[in-house]
2 protein chains.
Amino acid sequence: MNSSLLRQTLHAANLRATAARMAVLELVRNASTPLSHGEIAELLRDGPWNRTTLYRNLIDLEKAGLVRRTQLGEPVWRFESTAKEHGVRSHPHFLCSACGKMVCLPEMTLRLEGARGCRKAIGQGNIEVQVRGLCDACMGKRGI
Amino acid sequence: MNSSLLRQTLHAANLRATAARMAVLELVRNASTPLSHGEIAELLRDGPWNRTTLYRNLIDLEKAGLVRRTQLGEPVWRFESTAKEHGVRSHPHFLCSACGKMVCLPEMTLRLEGARGCRKAIGQGNIEVQVRGLCDACMGKRGI
DNA sequence: CAATTATTGCAATACAGTTGCAAATAACAC
DNA sequence: GTGTTATTTGCAACTGTATTGCAATAATTG
């Protein structure tokens, strides 16, 4: 993606086309996987930009709809007893993105197909599955 | 679960039965969902114990196999372009727990059944799914 | 009860994320 | 091009969770 097209894209989104912002957008657009702020700062460490600037640019790009921002999980560890009935086998967990409550889904079955780059893990079932969204209670509160 | 049974359980695991440790184990055993260190500290805030003590007890219990510790996700946000082909629709992500690499699984299909407390979200498909495990590359490195 | 060894409290550190504020710079009108 | 204005940037500071060192304390064992 050339520089003038990046500039044009940013202007169309009502954002100024600064060097840092263009670098960030180019990087994210060319990436084959979602990148973290840390990875981006590392990739652009030879540039003259501050970490915070890159961070704020990512947030700006998100607000403008040019990038999607997801936190796949939450920044805390969870502990559960291994003695519990449903704790015997691994099971998916549902995490409510509104209230933060976690629900075990011991009876949930899921079928995964079409994996690329992680066939072995999925084939063997040595995986941890997390589903994230609004729980029924929080949906109710929002009248959904 | 009474106190002497907790004591017995801890001793069987080669751990001393301190008041703090028994309180933590009891709490985790009685909980219906995985608890975070923060939640546990909050629940036991009337006790005389330091946060760090509760934290170390959780780690001790984990090492002894009495509790399972999982971080459903990672403590970082990820950014991806909304302009990418496969970015148009939501798709599961695979996160390698060894190398931290993330893989998009745009072609993966999954069927969820038996949801409790999160039926609406799953029915509507307004969910984010993360699968976690060792990627093929990391499995290869370990000779699996 | 005394000796030994594990555990605890406190303080400090690490790291990602986030924000305030003054200085620098892009956009725009001329 | 030059000047004006609003946005953006760098720096420093602060939040929250996780983690560790070390000296004081408590649980075990005999």
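Everything numeric here is computed off the predicted structure, so don't read it as measured data. Hydrogens, waters and symmetry mates are skipped; everything else that's a heavy atom, side chains included, is used. In the text below, chain A, chain B and the rest are named by the order of the sequence lines, each starting its count at 1.
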Please find the pair of heavy atoms, one from A:H37 and one from A:L58, that lie closest to each other, and give the distance. CA-CD1, 4.1 Å

Check step by step if side-chain contact (heavy atoms from CB on, under 4.5 Å) holds for A:R21 and A:L10. CA-CA 8 Å; A:R21 196 168 279 158; A:L10 288 169; 3.9 Å; yes

I want to check something: taking the side chain as every heavy atom from C-beta on, are A:K63 and A:L15 in contact at a cut-off of under 4.5 Å? no

Do A:L54 and A:W49 have side chains that get closer than 4.5 Å, going by heavy atoms? yes

Which ones in residues 42-61 of chain B lie close to DNA chain C, meaning a heavy atom under 4.0 Å from one of its atoms? B:P48, B:W49, B:N50, B:T52, B:T53, B:R56, B:N57

Take atom [atom1] of [X] and atom [atom2] of [N], then tell me their distance rounded to the nearest Å.
X	N	atom1	atom2	answer
A:E39	C:dC15	CD	C1'	15 Å
A:L10	D:dT8	CG	C1'	13 Å
B:R69	D:dT17	CZ	P	15 Å
A:F79	D:dA18	CZ	C1'	10 Å
B:K63	C:dA6	NZ	C1'	13 Å
A:L15	D:dT8	CG	P	6 Å
B:H11	C:dA6	NE2	P	13 Å
A:N14	C:dA26	CG	P	18 Å

Hey, is the side chain of B:H37 poking within less than 4.0 Å of OP1 or OP2 on D:dG16, counting only N and O atoms? no

Side-chain N,O (A:S36) to OP1/OP2 (C:dA16) below 4.0 Å: no

List for me each residue that meets salt bridge (Lys or Arg N to Asp or Glu O under 4.0 Å) alongside A:E42, sequence neighbours excluded, and say none if there are none. A:R45

Holding to salt bridge (Lys or Arg N to Asp or Glu O under 4.0 Å), I want the full list of residues that pass it with A:D136, two or more places apart in sequence or in another chain. none

Interatomic distance, B:I40 atom CD1 to B:N57 atom CG [nearest 0.5 angstrom]: 10.0 Å

Checking C:dA27, D:dA18, D:dT28 against the side chain of A:W77 (C-beta onward), the nearest is D:dA18

Pair of N/O donor and acceptor under 3.5 Å linking C:dT5 base with B:R16 side chain: yes

